Amino acid sequence: MNSPLLTLTSGPTSPSTASMFVRHPLFRPLAALVLLLLVDLLLVPGFFHLEIKDGHLYGSLIDIANRAAPLVLAALGMTLVIATRGIDISVGAVVAISGTVAAMLIGGTMVMQDGVPEYVANTPMVWALCAAMGAALLCGAWNGLLVAGLGLQPIVATLILMVAGRGLAQLFTDGQIVTVYYKPFFFLGSGYLFGLPFSLYIVAAVFLVTALLMRKTALGLFIQAVGINPVAARLAGLKTAVLILFVYVFCSACAGLAGLMISANIKSADANNAGLLLELDAILAVTLGGTSLAGGKFSLAGSVIGALIIQTLTYTIYSIGLPPEINMVVKSVVVFLVCLSQSAEFKNMWRAFRARIKGGAA
Amino acid sequence: MSTMILRGRAWMASPYFTSLVTVMLLIVLLAAGGVAYPGFLSMQVLFNLLIDNAFLLVIAVGMSFVILSGGIDLSVGSVLALTTMISAWLLQSWHLPPLLVIVIALTLGAGFGAAMGAMIHYFKLQPFIVTLAGMFLARGLCYLISINSITIDDPLYVAMSQTQLPILGGFISPGALIAVLTLAAAIYVAHCTPFGRAIYAVGGNEQSALMMGLRVGRTKVLIYAFSGFCAALAGVLFSFYMLSGYGLHAQGTELDAIAAVVIGGTLLSGGYGYVAGSLSGVLVLGTIQTLIAFDGTLSSWWTKIVIGGLLFVFCLVQRLMALGAKHKK
Amino acid sequence: AKPLVIGFSQVGAESEWRTANTVSVKDAAKKDGITLKFADAQQKQENQVKAIRSFIAQRVDLIAFSPVVESGWDTVLREAKAAKIPVILTDRAVNVSDPSLYATFIGSDFVEEGRRAGRWLLERAKKTPDTVINIVELQGTVGSAPALDRKKGFEEVIAGNPKLKVLRSQTGDFTRAKGKEVMEAFLKAEGKKINVLYAHNDDMAIGAIQAIEEAGLKPGKDIVVISIDGVKGAFEAMIAGKLNVTVECSPLLGPQLMQLARDVVAGKPVPKRVVTQEGVFPAEVAAKEFPNRKY
Amino acid sequence: MTILTSAPAPVLELRGISKAFPGVQALSGVALNLYPGEVHTLMGQNGAGKSTLIKVLTGVYAPDQGQILLEGRAIQPASTLEAQNLGISTVYQEVNLCPNLSVAENIFIGRYPRKRGGIDWADMQRQAVELLERMQIRIDVSQPLARYPLAIQQMVAISRALLVSAKVLILDEPTSSLDEKEVDLLFSVLRGLREQGMAILFVTHFLDQTYAISDRITVMRNGEREGEYACSELSRFDLVNKMVGAPATVGESTAAPATAAAPSKLATFLRATGLGRKGALSPMDIELRQGELLGLAGLLGSGRTEAARLLFGADKADSGSIVIDGKECSFASPRDAIAAGIGFCSEDRKHEGAVLELSVRENLILALQARTGILRAIPLKRQQQLAEEYVRALGIKTASIETPIGTLSGGNQQKVLLARWLATEPKMLILDEPTRGIDVRAKQEIMDYVTALCRKGMAILFISSELPEVLRVSDRIVVMRDRKAGGEYPRGALDESSVLQVIAAGDVHE
Ligand SMILES: Nc1ncnc2c1ncn2[C@@H]1O[C@H](COP(=O)(O)OP(=O)(O)OP(=O)(O)O)[C@@H](O)[C@H]1O
Ligand SMILES: Nc1ncnc2c1ncn2[C@@H]1O[C@H](COP(=O)(O)OP(=O)(O)OP(=O)(O)O)[C@@H](O)[C@H]1O
Ligand SMILES: [Mg+2]
Ligand SMILES: [Mg+2]
């Protein structure tokens, strides 16, 4: 809760284009991402190699983007929730629910067609997807009602669904992993369109729609106002409760979409493991992107970059052949470094320190 | 839906009331269990609640300080695991005397917390992200020591594990006693010392606290150090309890601790609540689990659903009663 | 007589295998007219200890559990012993100072499973004695008993052939999604060099198979895939020719467990270690075996 | 008034203090001398740099340039705590207390009375009660501070500052939310301290108060020191001129706004009957007419704010009815009131008004946008145009319309919030202490602006603790006491003393 009133700022400097670029809030997360990619460039041979295989692009970068897609979606939803000073830790459970519903409804039964085994969907895919998204929306509405209607603290309100949601998903499947045999469904997770993974188009579409919604309507302004000063927002005539309800529904919708993507990608629904700890990664992505958990100002693009940072890091760890024991240590160290690089205070101290060293040496 | 939190003036008193409601509901929960399952209300079952949740209670106490100050500490579960690991390693591989090991473990825990607190305060980083990274780091360090679990056979630890302190016809473990003493000490610190009050002030409004001339930086670093200390102490209790060090111990305990603190009536935004609430919160969670264990018919998923459901009913009733009381005023 | 009451503490429902295990135990109890108190620990040791304490408080006739971890059971088992309640371990062993704390242990031997996987590979390697065989390994959850043991057993056996080299080993957390993700990274980093994939469970193998296919390679042919557990999905993959072999790890302990329980309560002597009957299923027998699979 | 005979060394001396924020040079080369035993008033228009100067000298901001000397020694306080330890006790412009702590704790935190290692709660409460008693405030000091209205919080903040025996006491607009009675009490306390040789630096926008208490005045303009004057040597007129920087025709005694048409001819906009809420306001009747300015007078805690909140639907009334344009309305939330054409400018700008991190523009259009609806975003062009327009009309001093409102000076924030409601072009506007913290000239301009709107047909409910102001601008006055409407009087029927009489006795007795 650092009020901007207290942040010490240096004097005005002439805003050249370069300095404006450096000062841009997205500069630091972006720089962190670029730095990580540079590390890959040096340590992983052929990291930037892209080739056309079976008519589509193939390579590490594509993998990262593809794998990051669900995380980006979850982070986009989480951004809005966090902007209202809330938090949603049920994202992983919603992923499990929507994936399970879709997988169970679609499933796939084998029929012989002209002597060739063919799989057809149990339920028309459109209906199944609608049902899955409907389930996700219900989850969001539930969270939203608990927070906005009942006034529960967001973390407990969503904890309820976090615990019970996965249980529900397992209840549907009897604890089994539901395998899907119906091909068109896979397109969602591992299909390609114009040479690029289909999931990227989904993410881009959701991002664009959300960004437009924030820009072209007053939603962005209202969400920030509610996050920064709910009392003032109410007195200014905002429907604070409806707004809060909306962000939780939106967050769950994003999570639901992510769930579909994940289950389509592995061609099955794993109620127990799908999206496990996704909520933590999503929150991490949002904060790495420069949005404060205290609510208010938010950056959708920042969250996307944050998610890419996380996925690149994970992928890097796999690629450079580190023993799994030290995965976590590496991850934590990188997160610390990224955080520090974003801290103005750290930069000042570092500068003072360097100046002192130089002074001592002279 | 207009009965919202966002009411500026009148909502202030509710968290205090919430703490009371929690205790009342806890009693109702226990009574319900007693009616439904024979043997549920035996003294030993109640003591088991304390014995089995001693480590959670200690963590929740540390967490309640952090939450009261408006922060959050996600690293506690991992610090607990790291403590068990370091203790086991020092005991089994280095053969250090157990008391020394305990002192080292507690110091490391407090130091770990203090370091995170310092980063949070001096570099103005968000507590969530710093402690999340701390959580990865501590867990990762466990695996650097060993990915296996290490059994502890130090006589002092074994004694602490197996001693039964008789009380009221049942028994409690030394660990449970330590937890209760920690709670008592924390309540004293929170309500009767300047440090404790500074925590509330920082949670109420950090900027104001600074303008009022409080040592906000020192307070924040100390809070996280205390939380780290509590996590380490919980780790020590856990290694008494399990007699082993293991990197996978206490996964997700941070969420349990946060839930316990919040259910106990503390506001996550800081400034409102009681440290004692963490006890009622922990007991509520423990009772829910015990109820399920006594029932013994629920499958894995029903267990989750029922835990979620009970949590919901509990929060709902708690909230409605608090709202009702406010309206009557 | 009044029905036997057994308290059973299960690890959780983290995989299909585990679910099959639970179902088997529950069904067997029902069939034998045994009252089963079931408690799910959601993968946490402390929850298991709590459950066992509550079983003791409820004075059940016998306690059975699949420990989440090997160590840390002395105290609570002592309490059980003091309350004169016998204990049976299922599926995983424990590490206690006094073996009399439990009556018997029934379950598979993870190290042996690893060895079996290794032996199968050794056999296969004999066909091409001169070529180096590059292996990538998908480990289970870091630090978990099956991951440690399956790695250990496998390494033990393949050490016998210097041509067998483990190129990469990374955790896939026992899940399909992670298995696929990690395999993708392996394929990009090592490319065509990979000859064999050894996955610590079927789920990771199934995920990895998809990654291999998406990379334009043929799983089962270009890359030999070995995994452990023998769940239905694995058999389907074998029938499709994408998986080469799965080492069975049977979850169907229920009937054996109930029999043992009755013997223990009746005071009959039982062996301290009961190993479940398990096989190795290479792809060739998959189609024949498939109809018999219960999980 | 004590006249400084011999000039002793100043306790506090500021030399060439400069401070810049991105886009604003808040202070440039400011000097100030503060002597023991004097009350030194700092005056200047909104945004002149008064608060910034105080923050620099108490360690909140580090100066870019300049020196601070305390008793001849250079100091560089890095935090308020350091400043406090050096003997500088400060009450900042925005109340900086912890809402969750009890009143007593807010006074004593950081310097608790101790007993056997712990805090002596009983002693603390006793002392707190005594301390507040000095200001004639009798409240339950064990209740959380947030329970009390702003004025009480302000008094608590002052009490806290008075608790330490400091060398220098700094008060930044302590009187902006107090009424005359409280101000008098505060001044008598300050005079006592002056006798004891304390140096007091005081900021206010009230000329009367300045002349009532100051020994010397430093005038600031645009971040620079305009000059330092002995109070007795500077006429009000000169003072205002120096603040404004050009000869101006501003004074307290400008002519009253042109009288409205005969009250009976004005159409009723809103009529509330029996409006009340348990524990907050006894049922009262109130009528607002188009083109008429209705003043609500009363002491602190008389229930004016409560009445306003009920009219606006911010709190739910539990009795009474509201009729607008002949239609019965019930307001479940401010939205309903806004839809009916009502605006409400709250007295507590920090908690109920400003959305600190948002820009001036965003704050300004918030209410308008809320009424327009979420989907029909006001085009950015139009927003900027509106913002520019109001920034000009109300003379808001800001680096740009995209500056976060939190970095504006207190008075300018207040103006933005006023503009927020003006932008909605309401049919009825409730102004609760709208001129709090606004400088003399701006106050005049704002009141002129508001009365002009009123003449064009807006109904206005005006609440102010400044009785003269209420008397001057209101067409009709309702006097409140003890959370009840005391009586209604037409313009000119009351003067200051008769209002006080009403408050004391409940009615005017000739
Ligand atoms: N933290 C900050 N960041 C940027 N600009 C600031 C900050 N604080 C103050 N300013 C600017 O400095 C100038 C002086 O502000 P200051 O608060 O000192 O005025 P003031 O004289 O106290 O006015 P008022 O009478 O309205 O309180 C204003 O233009 C304000 O916008
Ligand atoms: N001098 C005082 N002593 C004790 N309590 C007071 C005093 N002044 C105000 N209060 C408290 O203030 C509250 C009333 O606040 P309210 O906002 O209705 O007043 P108001 O008439 O709007 O006054 P103002 O707006 O000037 O603060 C009551 O709870 C009352 O107890
Ligand atoms: Mg000011
Ligand atoms: Mg008021």
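Just so it is clear, the structure is predicted and the values come from calculations on it, not from any experiment.
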Query raised in the report: Taking A/Glu325 for the side chain and B/Leu141 for the main chain, is one N or O donor matched with an acceptor at less than 3.5 Å?
Result: no
Report task. Could you have a look at A/Thr287, A/Leu171, A/Ile326 and say which one has the most heavy-atom pairs with chain B under 4.5 angstrom? Result -> A/Leu171
Query raised in the report: Do B/Lys124 and A/Phe346 have side-chain heavy atoms sitting under 4.5 Å apart?
Result: no
Query raised in the report: Can you say whether A/Ile87 sits under 4.5 Å from chain B via the side chain, the backbone, both, or neither, judging by heavy atoms?
Result: side chain
Report task. Answer yes or no: is there a side-chain heavy-atom contact under 4.5 Å between A/Phe336 and B/Phe136? Result -> no
Query raised in the report: Quick one: CZ on B/Phe128 to CD1 on A/Ile82, what's the gap to the nearest 0.5 Å?
Result: 7.5 Å
Query raised in the report: Closest approach of A/Ile160 and B/Gly308, non-hydrogen atoms and distance?
Result: CG2-O, 3.5 Å
Query raised in the report: Given that the side chain runs from C-beta out, which part of A/Leu146 has a heavy atom under 4.5 Å from chain B: side chain, backbone, both or neither?
Result: side chain
Query raised in the report: Can you say whether B/Leu310 sits under 4.5 Å from chain A via the side chain, the backbone, both, or neither, judging by heavy atoms?
Result: neither
Requested in this report: Could you tell me whether the side chain of B/Arg319 and the main chain of A/Leu150 form a donor-acceptor pair under 3.5 Å?
Outcome: yes
Query raised in the report: What about A/Trp350 and B/Phe123, are their ring centers closer than 6.0 Å?
Result: no
**Report entry** Heavy-atom contact with chain A under 4.5 Å, split by part of B/Leu311
**Finding:** both
Query raised in the report: How long is the gap from OG on B/Ser269 to CZ on A/Arg85, to the nearest 0.5 Å?
Result: 7.5 Å
Query raised in the report: What is the distance from atom CD of A/Gln153 to atom OG1 of B/Thr266, rounded to the nearest 0.5 Å?
Result: 8.0 Å
Query raised in the report: Checking heavy atoms, do the side chain of B/Leu125, its backbone, both or neither come under 4.5 Å from chain A?
Result: side chain
Query - Point-to-point distance, once rounded to the nearest 0.5 Å, from OG of B/Ser299 to CD of A/Gln170 - result: 8.5 Å
Requested in this report: I would like to know whether A/Val335 and B/Leu137 meet side-chain contact (heavy atoms from CB on, under 4.5 Å); could you show each step before the answer?
Outcome: CA-CA 10 Å; A/Val335 172; B/Leu137 181 64; over 6 Å; no
Report task. Measure distances from A/Asn272 to the heavy atoms of chain B and classify the residue's part below 4.5 Å as side chain, backbone, both or neither. Result -> side chain
Query - Closest non-hydrogen atom pair, A/Ser332 against B/Ala133 - result: CB-O, 3.2 Å
Report task. Check whether B/Leu132 gets within reach of chain A through its side chain, its backbone, both or neither, counting any heavy atom under 4.5 Å. Result -> side chain
Query raised in the report: When heavy-atom pairs shorter than 4.5 Å are enumerated against chain B, which of A/Leu168, A/Leu277, A/Val333, A/Leu161 gives the highest number?
Result: A/Leu168
Report task. Output the option from A/Ala271, A/Ser343, A/Ala344 having the highest count of non-hydrogen pairs under 4.5 Å with chain B. Result -> A/Ser343
Query - Contact check, side chains of A/Ile89 and B/Leu255, non-hydrogen atoms, under 4.5 Å - result: yes
Report task. Examine whether an atom of B/Val202 lies under 4.5 Å from a heavy atom of chain A, and if so say whether it belongs to the side chain, the backbone or both; otherwise answer neither. Result -> neither
Query raised in the report: For A/Thr291, is it the side chain, the backbone, both or neither that has a heavy atom under 4.5 Å from a heavy atom of chain B?
Result: backbone
Query - Gap separating the NZ atom of A/Lys331 from the CZ atom of B/Arg139, nearest 0.5 angstrom - result: 13.5 Å
Requested in this report: Grab the two heavy atoms, one from A/Val329 and one from B/Gly140, that are nearest each other, plus how far apart they are.
Outcome: CG2-C, 3.4 Å
Query raised in the report: Under 4.5 Å between any side-chain heavy atoms of B/Tyr122 and A/Met349, yes or no?
Result: yes
Query raised in the report: Once you round to the nearest 0.5 Å, how far does SG of A/Cys339 lie from CD of B/Gln126?
Result: 8.5 Å
Requested in this report: Can you tell which part of A/Leu288 gets under 4.5 Å to a heavy atom of chain B, answering side chain, backbone, both or neither?
Outcome: both
